[in-house]
Amino acid sequence: MKSNRLGIVTAIVVLALLWIALSGYFTILQLSLGAISCLFVLWLSVRLELLPEETRRISLIRLVAYLIWLVQEIISSNFRIARIVLSRRPELHRRVVHSKVKQRTTLGVAIYANSITLTPGTVTLDAEADDLSVHVLTRRCADDLLGDEMNQRVAGIEGRP
């Protein structure tokens, strides 16, 4: 039952943060409607048994730390890609690279694949059980991906070192 409570608390926090991030309004009415909506979605998810076992393994503190790191990576990558787009002679080195996933769950693999796609200069093309095919725009994008920092951080969300 404890792991079920942890999954519920994690879902509440994620839904609330998503509501706040997407609405952009901080009035009492908007926040209370958001809380009601989040609680209704959570109640419906629990009632229909839609919360997978995998969500209970996710560390909320590590997820928040990862999301902060991911936003920083997206911003810095945006500047690098903007510099390439605006340069007269862009140094492009387009290719497909493969990354071995270190995640145990399909949720972890989905987080990793989507994080890659969110980062400018990289797009996840295919996700296998233990391998991702990723199109990269530059050598630096390939080096960052093959450096495995993002892979390690997503694995850390699941509690793996």
- request: Test salt bridge (charged side-chain N to carboxylate O under 4.0 Å, His left out) on R80 and D144 and set out the steps.
  value: CA-CA 13 Å; R80 284 196 311 263; D144 288 347; 3.3 Å; yes
Side-chain contact test, heavy atoms from C-beta onward, threshold under 4.5 Å: evaluate it for [X] versus [Y] and give yes or no.
X: L125; Y: V134; value: no
X: V97; Y: L145; value: yes
X: D131; Y: D126; value: no
X: S115; Y: T117; value: no

message: Between S99 and N151, is the side-chain contact (heavy atoms from CB on, under 4.5 Å) condition met? List the steps.
response: CA-CA 9 Å; S99 176; N151 200 356; 3.9 Å; yes
Minimum heavy-atom distance between [X] and [Y], given as atom pair plus value:
X: T122; Y: I116; answer: OG1-O, 2.5 Å
X: S77; Y: P120; answer: OG-O, 2.6 Å
X: A113; Y: T124; answer: O-OG1, 2.9 Å
X: E91; Y: T138; answer: O-CG2, 3.9 Å
X: C38; Y: A16; answer: SG-N, 3.7 Å

Are [X] and [Y] grouped together when hydrophobic residues (ILVMFWY) are joined by side-chain heavy atoms under 4.5 angstrom apart?
X: L67; Y: W69; value: yes
X: V154; Y: V123; value: no
X: V71; Y: L118; value: no

Going from [atom1] on [X] to [atom2] on [Y], what distance comes out if it is rounded to the nearest 0.5 angstrom?
X: L92; Y: C141; atom1: CG; atom2: SG; result: 9.5 Å
X: N78; Y: T119; atom1: CG; atom2: OG1; result: 9.0 Å
X: L63; Y: I111; atom1: CG; atom2: CD1; result: 6.0 Å
X: T27; Y: L33; atom1: OG1; atom2: CG; result: 8.0 Å
X: L70; Y: I74; atom1: CG; atom2: CD1; result: 4.0 Å
X: M150; Y: E73; atom1: CE; atom2: CD; result: 6.5 Å

- prompt: Can you name the salt bridge (charged side-chain N to carboxylate O under 4.0 Å, His left out) partners of E128, sequence neighbours left out?
  reply: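 For E128, no residue satisfies salt bridge (charged side-chain N to carboxylate O under 4.0 Å, His left out) once neighbours in sequence are set aside.
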- prompt: Which residues pass the salt bridge (charged side-chain N to carboxylate O under 4.0 Å, His left out) test with D143, sequence neighbours left out?
  reply: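 Result, salt bridge (charged side-chain N to carboxylate O under 4.0 Å, His left out) vs D143: none returned.
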message: Could you check whether D148 pairs with K102 (Lys NZ or Arg NE/NH1/NH2 to Asp/Glu carboxylate O, under 4.0 Å)?
response: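 The answer is yes: the pair qualifies as a salt bridge.
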query: Has L22 got more than 12 heavy atoms of other residues, nucleotides or ligands less than 6.0 Å from its CG?
result: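 Count over threshold, so yes.
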- request: Could you note down all residue pairs passing ring pair (Phe, Tyr, Trp, His ring centres under 6.0 Å) where residues 95-144 supplies at least one of them, sequence neighbours left out?
  value: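 Matches after skipping sequence neighbours: none remain.
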- request: Output, in order, the C-alpha distance, side-chain angles, deciding distance and verdict of side-chain contact (heavy atoms from CB on, under 4.5 Å) for V136 and R95.
  value: CA-CA 6 Å; V136 295; R95 64 184 173 146; 3.8 Å; yes
query: Is there a side-chain contact (heavy atoms from CB on, under 4.5 Å) between L137 and I81 once you walk through the steps?
result: CA-CA 9 Å; L137 194 59; I81 298 301; 4.0 Å; yes
